[in-house]
Structure formats: C-alpha cells, structure tokens
Amino acid sequence: MDVNQQKHFRLKLEGKLRFVRLSLNKPNLIAYLKKHKISVEIPEIEKAIARLNDGKYGLCEDCGNDISSQRLEVRPETRFCAECLSRKEGGKR
C-alpha cells in the first residue's frame, strides 16, 4: 500500500472514529447501539489505526495477503480479506 493510500485510509478511519464517538453523545441513541459502539466499533477502529502505524494495515490477519481497496473503502477497520472472512463465517457471504 503506497503512502497516499495510507493517508486516505488514515483520514477515513480517524473520521469514522470521530463520528462514532460523537454519536455516543446523542441522547436518542438506543442503549444497545451505544454499548456496541463502545465495546466493538471504537476498539476496531483504534486497532486499524495502530496497524497503519505499524505498517500492517491492509494485510489480512489470517493469510497475510492484501485486503482489496474496495473492501477497505467499505470497512476500513477490517482485519480480513473477503476470502478469509467468508471462510470464518462458514461460507455465509
């Protein structure tokens, strides 16, 4: 992944993290969604930013292959390529 792509995804991840954190302050959020954001979304986004810092962003944690840029555009915090995720979910995708 080149430097420009890394910058793009860093901005995307940081923007998503800001959005998630700001949404926690909205009084009309359902408790489940608030809990989900705190327990799942924020840690996943923070881990993705750490992978960017470590030079491991965009690599599948299972097979080590590149994660497609299309997949990263949709879920920039993803840790798995589409094939490995499908295998993990038992072919449900």
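No experiment lies behind these values; they were computed from the predicted model shown.
By the 4.0 Å N-to-carboxylate-O rule, K12 lies close enough to E73 to be salt-bridged with it. Of the charged side-chain nitrogens involved, none lies within less than 4.0 Å of a carboxylate oxygen, so that R87 and D62 do not count as a salt-bridged pair. Taking the charged nitrogens against the carboxylate oxygens, K16 and E14 have no contact shorter than 4.0 Å, which rules out a salt bridge.
Contact of the I49 side chain with the E77 side chain is not registered, since no non-hydrogen atoms from C-beta on lie closer than 4.5 Å. Two residues are said to be in side-chain contact when any heavy atoms from C-beta on lie closer than 4.5 Å; K47 and E44 meet this criterion. C63 has its side chain within reach of C81: a pair of non-hydrogen atoms, C-beta onward, lies under 4.5 Å apart. D66 places a side-chain heavy atom less than 4.5 Å from the side chain of L59.
Cluster annotation: L13 is connected to I42 through the hydrophobic network of ILVMFWY side chains, with a link wherever side-chain heavy atoms come within less than 4.5 Å. Both L52 and L17 sit in one connected hydrophobic cluster of ILVMFWY residues. Membership requires side-chain heavy atoms under 4.5 Å apart, directly or through other members.
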Apply side chain to side chain contact (heavy atoms under 4.5 Å, CB included) to residues L72 and Q5 and explain how you reach the verdict. CA-CA 10 Å; L72 291 170; Q5 288 174 311; over 6 Å; no

Going through the distances and angles, do E61 and K56 end up as a salt bridge (charged side-chain N to carboxylate O under 4.0 Å, His left out)? CA-CA 9 Å; E61 286 187 6; K56 297 177 183 175; over 6 Å; no

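Separation of atoms NE2 (H8) and CG (D2) is listed at 11.0 Å; rounding is to 0.5 Å. With rounding to the nearest 0.5 Å, the separation of OH in Y57 from CZ in R79 is 13.0 Å.
What you find for C60 and F80 is that their closest heavy atoms are SG-CA, 3.8 Å. Closest non-hydrogen pair, G58 versus M1, comes out as CA-CE, 4.0 Å.
Heavy-atom contacts from other residues, nucleotides or ligands closer than 6.0 Å to CD of E46 number more than 12.
Listed by chain and residue number, nothing satisfies the side chain to side chain donor-acceptor pair (under 3.5 Å) test with R18 (two or more places apart in sequence, or in another chain).
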